[in-house]
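Counting starts at 1 for both ligands and their atoms, following the listed order.
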Amino acid sequence: MRIIDASRPGGPEVLEIMRHEVPRIATSEVLVKVAAAGLNRADLLQRRGRYPPPPGAPAYPGLEVAGTIVEVGEATSEFRAGDRVCALLAGGGYAEYVAVDEAQVLPIPGTLTFTEAASLPEAYFTVWANVFEIGDLKAGESLLVHGGSSGIGVAAIQLARALGHDVFTTAGSAEKCRFCESLGAARAIDYKQQDFVSEVLTLTHTRGVDVVLDMVGGSYLARNVQVLATDGRLVVIATQGGPTGELDFSVLMQRRLRITGSLLRPRSVEFKRKIKERLAAEVWPLIAAGRIKPIVDRVFAFHEAAAAHAYMESGAHKGKIVLSLE
Ligand SMILES: NC(=O)c1ccc[n+]([C@@H]2O[C@H](COP(=O)([O-])OP(=O)(O)OC[C@H]3O[C@@H](n4cnc5c(N)ncnc54)[C@H](OP(=O)(O)O)[C@@H]3O)[C@@H](O)[C@H]2O)c1
C-alpha cells in the first residue's frame, strides 16, 4: 500500500509517498480501507522528529481516519466488513489501510462524508477526555477555550455550547473571532489585540470561568489562573507558548484551583474505549442531528500532504484539514 512519511526530520517538503506492507490485524482489531485522514498539529511535530509514536504504533504519521472496514478480527463483535467508520489512531493514518482496535472505532454519524468523518475522532476524543472527564465541566458551568478556531477549538466550542455551557474563546484575528462566535461562543477575544483576562472577568462580572482548556501552556499559566473562578480547573493539552511558567500558590490555595493536563496518544486502549462509549452516547447523536457540525476548512489529495502540512503551519485555517484518498 501507499503511505506518507517523512524521509528525514524537516519541513513539509520531506513528506513523501512510500510503499509499506498492508498491516495485519490482531484479533481485537479491524482493517479499514482509508478514504480520508485528518491532519493534526502533532503530525507537524512528528515530521520534525519531535513527537515519536508510542511503542507499538506505526512509525508513519496520522492520528485519525475514516473509511470502510474490509476485515474484522476474530475477537471483535461490533463491526462487519463494509461498515463505514471513523477511528482514532496512535499513528499510521497517512496510509491506504490501517489496523485499529475496535475500541477506537466509531460508526460515521448520520450522513457525513468520509472527509467530514475523518475530522472528528482526534478532536472529540481530546475534548471529551479533557473538558468533561479530566476538567469535569458540570451543568451550569462555563468554559474558556484557547485557540478557538483550531481543530480542537471548533469541537470544544460546539460541544460545550450544545450541552448548554457558556463558552468564551480566544483566537488570533477578528475574522477567526467572528467564526468562533458563529459556532456558538458567547464571546471570542482577539488575543493579539485584547487582554483575555480582563475581557473574561468583565464578561463574567469578575467571577471567572469554571474550566479553561489551554493549548498555550507556560506563557499563559499566570493569566489562566487569573481567569479561573473559585474551584476552577485548568486543563493543559499543549505547550505552544513554552513548557514552563510561574505560579502564585497562594491564589491556588485561596480559590482551591486545580491545574492538570493530559496527552491522549499514549493512553491505553481501555481508556480510549471508555471515551468512545461516551462519544457514542453523548456526542455522535448531536452530530447526526446536525447540532454539531464537522468543520473542514480544506481537503487536500493524499499526494498533497506536504501542501496540507504547509497550510496548517501557516495558521490560516479555521477548523480541520483533511487528506482525501478517494
Ligand atoms: N494533549 C492532547 O492529547 C492533544 C490532543 C490533540 C491536540 N492537542 C494540541 O491541541 C492543539 C490544537 O491542535 P490542532 O490539531 O487543532 O491544531 P491547529 O488547528 O493547528 O491549532 C493550533 C491553535 O493554536 C493556537 N495558538 C498557537 N500558538 C498560540 C499562542 N501563543 N497563543 C494563543 N493561541 C495560540 C492557534 O491560534 P491562532 O491561529 O488563532 O493564533 C491555533 O488556533 C495543538 O497544540 C495540539 O498539539 C493536544
Enquirer: Strictly distance-based, threshold 3.5 Å: is any side-chain N or O of T204 a donor or acceptor partner for the main-chain N or O of G208?
Expert: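 Checked: pair present.
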
Enquirer: Would you say A42 has any N or O atom under 3.5 Å from an N or O of ligand 1, going by distance alone?
Expert: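 No, there is no polar N/O contact under 3.5 Å.
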
Enquirer: Looking only at heavy atoms, is any part of S262 under 4.0 Å from ligand 1, and if so is it the side chain, the backbone, or both, or is it neither?
Expert: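 Near ligand 1, S262 shows its backbone, while the atoms from C-beta on stay back.
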
Enquirer: So, Y124 versus W128, ring centres under 6.0 angstrom or not?
Expert: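 No.
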
Enquirer: Y220: heavy atom below 4.0 Å from ligand 1, yes or no?
Expert: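 Yes, Y220 has a heavy atom closer than 4.0 Å to ligand 1.
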
Enquirer: Judged by non-hydrogen atoms, does A171 sit under 4.0 Å from ligand 1?
Expert: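 Within the 4.0 Å threshold, so yes.
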
Enquirer: Would you say ligand 1 has an N or O under 3.5 Å from any N or O of R41?
Expert: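 It does: an N or O of R41 is found under 3.5 Å from an N or O of ligand 1.
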
Enquirer: What protein heavy atom lies closest to atom 36 (C) of ligand 1? Include the residue and the distance to one decimal.
Expert: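 Answer for atom 36 (C) of ligand 1: G147 CA, 4.7 Å.
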
Enquirer: Does a salt bridge link R207 with D210, judged by any charged N lying under 4.0 Å from a carboxylate O?
Expert: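 Salt bridge flag = yes for D210 with R207.
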
Enquirer: So does K176 get a backbone contact from the side chain of S173, meaning a donor-acceptor N/O pair under 3.5 Å?
Expert: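 Yes; at least one donor-acceptor contact below 3.5 Å.
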
Enquirer: Taking atom 47 (O) of ligand 1 as the point of reference, which of A238, G217, A156 owns the nearest heavy atom?
Expert: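 Heavy atom nearest to atom 47 (O) of ligand 1 belongs to A238.
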
Enquirer: Check this for me: does any side-chain nitrogen of one of K138 and D136 sit under 4.0 Å from a carboxylate oxygen of the other?
Expert: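 Salt bridge: yes.
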
Enquirer: Using a strict threshold of under 4.0 Å (side-chain N to carboxylate O), is an ion pair present between K33 and E71?
Expert: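 So E71 does not pair with K33 through a salt bridge.
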
Enquirer: If you measure from each non-hydrogen atom of E122 to ligand 1, which part falls under 4.0 Å: side chain, backbone, both or neither?
Expert: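 For E122, the contact with ligand 1 is made by the side chain alone.
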
Enquirer: Where does L263 meet ligand 1, judged by heavy-atom distances below 4.0 Å: at the side chain, the backbone, both, or neither?
Expert: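 Contact part for L263 vs ligand 1: both backbone and side chain.
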
Enquirer: Any nitrogen or oxygen of I237, side chain or backbone, less than 3.5 Å from one on ligand 1?
Expert: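 In this structure, I237 places an N or O atom under 3.5 Å from an N or O of ligand 1.
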
Enquirer: OG1 of T169 to CG of D190: how many Å apart, nearest 0.5 Å?
Expert: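 T169 atom OG1 to D190 atom CG measures 11.5 Å (nearest 0.5 Å).
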
Enquirer: Output the list of atoms in ligand 1 that are nearer than 4.0 Å to some heavy atom of L264, sorted by atom number.
Expert: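 Counting atoms of ligand 1 from 1, those under 4.0 Å from L264 are 2 (C), 3 (O).
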
Enquirer: Going by atom types only, do Y311 and D297 share a side-chain donor-acceptor pair under 3.5 Å?
Expert: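 Yes, D297 and Y311 have a side-chain donor paired with an acceptor closer than 3.5 Å.
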
Enquirer: Counting only heavy atoms closer than 4.0 Å, does ligand 1 sit against the backbone of Q240, its side chain, both, or neither?
Expert: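 Looking at Q240 and ligand 1, just side chain atoms fall under 4.0 Å.
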
Enquirer: Could you check if a side-chain atom of V209 sits within less than 4.5 angstrom of a side-chain atom of F168, using non-hydrogen atoms only?
Expert: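 SC-SC contact between V209 and F168 confirmed.
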
Enquirer: If you measure from each non-hydrogen atom of V216 to ligand 1, which part falls under 4.0 Å: side chain, backbone, both or neither?
Expert: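 For V216, only side-chain atoms sit under 4.0 Å from ligand 1.
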
Enquirer: Students should be able to answer this: which protein heavy-atom is nearest to atom 40 (O) of ligand 1, and at what distance?
Expert: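 Among all protein heavy atoms, the one nearest atom 40 (O) of ligand 1 is G172 N, 2.7 Å.
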
Enquirer: Atoms of ligand 1 less than 4.0 Å from G151 heavy atoms?
Expert: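 In order of numbering, the contacting atoms are 16 (O), 19 (O).
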
Enquirer: Answer with yes or no whether the side chains of H309 and R47 bring together a donor and an acceptor at under 3.5 Å.
Expert: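 Side chains of R47 and H309: pair found under 3.5 Å.
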
Enquirer: Would you verify that at least one protein heavy atom lies under 4.0 Å from atom 33 (C) of ligand 1, or report that none does?
Expert: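 It does; a protein heavy atom is within 4.0 Å.
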
Enquirer: Going by the atom numbers of ligand 1, which of them fall below 4.0 Å from some non-hydrogen atom of Y191?
Expert: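 In order of numbering, the contacting atoms are 32 (N), 33 (C), 34 (N), 35 (C), 38 (P), 40 (O), 41 (O).
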
Enquirer: Is any N or O atom of K176, backbone or side chain, closer than 3.5 Å to an N or O atom of ligand 1?
Expert: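 It does: an N or O of K176 is found under 3.5 Å from an N or O of ligand 1.
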
Enquirer: Give me the residue, atom name and distance of the protein heavy atom closest to atom 11 (C) of ligand 1.
Expert: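 Scanning the protein heavy atoms, the shortest distance from atom 11 (C) of ligand 1 goes to M215 SD, 3.6 Å.
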
Enquirer: Side chain, backbone, both or neither: which part of H146 comes within less than 4.0 Å of ligand 1 when only heavy atoms are counted?
Expert: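 It is neither part, as no heavy atom is under 4.0 Å.
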
Enquirer: Is K272 reaching over with its side chain to a backbone N or O of R265, donor-acceptor style, under 3.5 angstrom?
Expert: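 Checking the backbone N and O of R265 against the side chain of K272, a donor-acceptor pair under 3.5 Å is found.
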
Enquirer: Please check if the side chain of E13 supplies one atom and the backbone of A306 the other of a donor-acceptor pair under 3.5 Å.
Expert: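 Between the backbone of A306 and the side chain of E13 there is no qualifying donor-acceptor contact (under 3.5 Å).
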
Enquirer: Among protein heavy atoms, which sits nearest to atom 13 (O) of ligand 1, and what does the distance come to when rounded to 0.1 Å?
Expert: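 The closest one turns out to be I152 CG1, 3.7 Å.
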
Enquirer: Would you mind telling me if ligand 1 is within reach of the side chain of H317, the backbone, both or neither, using heavy atoms under 4.0 Å?
Expert: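 Side chain only.
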
Enquirer: Kindly assign one of parallel, tilted or perpendicular to the pair F196 and H146, based on the angle between their ring planes and the thresholds 30° and 60°.
Expert: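 Because their plane-to-plane angle is over 60°, the rings of F196 and H146 count as perpendicular.
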
Enquirer: Classify the side-chain pair N130/S262 by whether it contains a donor and acceptor separated by less than 3.5 Å.
Expert: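 The criterion, which ignores hydrogens and geometry beyond distance, is satisfied for S262 and N130.
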
Enquirer: Using a strict 4.0 Å cut-off to heavy atoms of N40, name the atoms of ligand 1 that fall inside it.
Expert: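 Those of ligand 1 that fall under 4.0 Å from N40 are 15 (O).
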
Enquirer: Atom 43 (O) of ligand 1: which protein heavy atom is closest, and how many Å away?
Expert: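 Checked against all protein heavy atoms, atom 43 (O) of ligand 1 sits closest to S150 CB, 3.4 Å.
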
